[in-house]
Amino acid sequence: MKERNACTDSACVGHTYRQRIEELGGDAGMQSPASNLTSKSSNPMGEAHTKRTDKNTRITQEGPQFKIDAAYPRLPGDKSSAGERVLASVVDKEVEAFRRDYRDLLSGNDGAHLGPPWELAIDYTEVYTTPRFWAVDLSSYWYTGGAHGGVQHLPVVIERKTGKQVPPAGLFHSGSNWLQTLSDYSYKSLAPREPFQGDKEWLRNGTAPTAENYQKLLPMSDGMHIAFEQYQVGPYAIGAHIVTVPYAELNGLLNPELFPKGRP
């Protein structure tokens with residue numbers, strides 16, 4: 001019940017129920033290898049479909065034991081569609097990796113799907129628009145068998161003038177000590193939270209001032225959002241964590257091409 005109630009989307013709820021049914025000895029959708037062998041003419045992943053609307057682009061694909069539902073937004077003022085192409089590239093990379101892993105699963109089992117259904121869901125919660133950039137809060141959930149699925153943030157920042165994706169370092173002055181500032185603020189913000197009341201070594205390593213720890217940055221209206229993914233600052237049970245650094249804490253560090261007044 002605790003695991004189910006902690007879910008934030010239907011995919012997580014479905015997975016939690018399937019896992020519990022299996023623990024109780026029931027059938028949660030598993031098929032025997034013989035019933036799931038595929039011929040050369042069949043497609044175990046199903047046909048892929050792409051639908052574009054004024055709001056977003058959605059990619060769907062579903063087979064007997066395989067499902068993809070991925071969406072990314074249309075960007076306001078994106079007349080050349082350069083920003084949309086960046087988002088398409090980010091989402092396509094995740095989708096193709098998921099398909100590749102599934103093909104590897106089938107290839108390793110003589111075309112049979114072993115285990116519960118696979119699922120990938122990509123969606124967005126917010127698009128922040130400024131005169132100089134778009135910031136898109138993309139995230140993904142996937143399940144490929146095992147005890148639990150996975151969640152990751154896929155923040156995307158796109159410079160409007162060039163239509164190119166801005167890397168984390170590109171949000172700051174070249175040569176500035178932005179990593180140390182983010183590290184200090186993140187540790188002080190996370191350390192008092194309940195999941196980190198014990199041994200803080202994992203937290204110290206996960207918030208250390210390395211580029212690897214600060215790849216998930218998203219400038220929003222209230223500050224710079226930093227996503228610390230599952231297992232980055234603690235065990236799976238504590239989940240992912242978001243730290244928001246106010247722009248006042250980043251005074252003199254931000255790239256003036258994107259933040260001419262020290263903030264969006």
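These figures come from a predicted structure and were not determined experimentally.
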Between [X] and [Y], what is the shortest heavy-atom contact and its length?
X	Y	value
Leu179	Thr210	CD2-O, 3.7 Å
Ser80	Arg85	O-NH1, 3.2 Å
Val245	Ile226	CG2-CD1, 3.7 Å
Leu106	Ala112	CD2-O, 3.6 Å
Pro73	Asn56	CA-CB, 3.9 Å
Met224	Pro219	SD-N, 3.7 Å

Exercise. Between atom OH of Tyr102 and atom CD of Gln61, what is the distance when rounded to the nearest 0.5 Å?
Worked result: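 Here the rounded value is 10.5 Å.
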Exercise. How many angstroms lie between atom CG of Asp184 and atom OH of Tyr187, to the nearest 0.5 angstrom?
Worked result: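 Rounded to the nearest 0.5 Å, the CG-OH separation comes out at 11.0 Å.
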Could you tell me whether the side chain of [Y] reaches within less than 4.5 Å of the side chain of [X], counting heavy atoms only?
X	Y	answer
Leu218	Val157	yes
Leu253	Leu171	no
Phe228	Ser186	yes
Ile68	Ile122	no
Leu217	His225	no
Asn213	Gln232	yes
Arg58	Tyr72	no
Thr57	Lys51	no

Would a distance-only check, ignoring hydrogens and angles, find a side-chain to backbone donor-acceptor pair under 3.5 Å from [X] to [Y]?
X	Y	value
His173	Gly175	no
Ser183	Thr207	yes
Asn255	Glu257	yes
Arg263	Ser221	yes
Trp134	Pro76	yes
Asp69	Thr60	no
Ser176	Phe172	no
Glu159	Arg132	no
Gln197	Pro192	yes
Asp78	Gly83	yes

Does [X] come within less than 4.0 Å of [Y], counting only side-chain N to carboxylate O?
X	Y	answer
Glu84	Arg74	yes
Arg99	Glu96	yes
Lys188	Glu249	no

Exercise. Has Asn251 got more than 12 heavy atoms of other residues, nucleotides or ligands less than 6.0 Å from its CG?
Worked result: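 No, the 6.0 Å shell around CG holds no more than 12 heavy atoms from other groups.
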Problem set entry | Neighbour count >12 (heavy atoms, 6.0 Å) for atom NZ, Lys200 |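 Yes, the 6.0 Å shell around NZ holds more than 12 heavy atoms from other groups.
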For this session: Check the pair Leu120, Thr144 against side-chain contact (heavy atoms from CB on, under 4.5 Å), reporting the backbone distance first and the verdict last.
Result: CA-CA 9 Å; Leu120 172 67; Thr144 58; over 6 Å; no
For this session: Given side-chain contact (heavy atoms from CB on, under 4.5 Å), test Ser139 with Leu154 step by step and report yes or no.
Result: CA-CA 5 Å; Ser139 63; Leu154 301 168; 5.9 Å; no
For this session: Step by step, work out the side-chain contact (heavy atoms from CB on, under 4.5 Å) result for Leu75 and Leu87.
Result: CA-CA 10 Å; Leu75 300 175; Leu87 291 174; 4.0 Å; yes
Problem set entry | Geometric class of the Tyr236/His148 ring pair [parallel <30°, tilted 30-60°, perpendicular >60°] |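 The rings of His148 and Tyr236 lie parallel, inter-plane angle below 30°.
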Exercise. Parallel under 30°, tilted from 30 to 60°, perpendicular over 60°: which one fits the rings of Phe133 and Phe259?
Worked result: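 Phe133 and Phe259: tilted rings.
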Can you get from [X] to [Y] by hopping between Ile, Leu, Val, Met, Phe, Trp and Tyr side chains that sit under 4.5 Å apart?
X	Y	result
Val127	Met220	no
Leu203	Ile238	yes
Val166	Leu138	no
Val86	Leu258	no
Trp178	Leu254	yes

Problem set entry | Residue among Trp118, Trp142, Tyr143 satisfying ring-ring contact (aromatic ring centres under 6.0 Å, His included) with Phe98 |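 Answer after filtering Trp118, Trp142, Tyr143: Trp118.
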For this session: State which residue, out of Gln152, His153, His241, fulfils the side-chain hydrogen bond (donor to acceptor under 3.5 Å, both in side chains) condition with Glu229.
Result: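 Checked Gln152, His153, His241 against Glu229; only one passes side-chain hydrogen bond (donor to acceptor under 3.5 Å, both in side chains): His153.
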Exercise. Is there a side-chain contact (heavy atoms from CB on, under 4.5 Å) between Lys164 and Ile158 once you walk through the steps?
Worked result: CA-CA 5 Å; Lys164 295 182 178 180; Ile158 304 167; over 6 Å; no
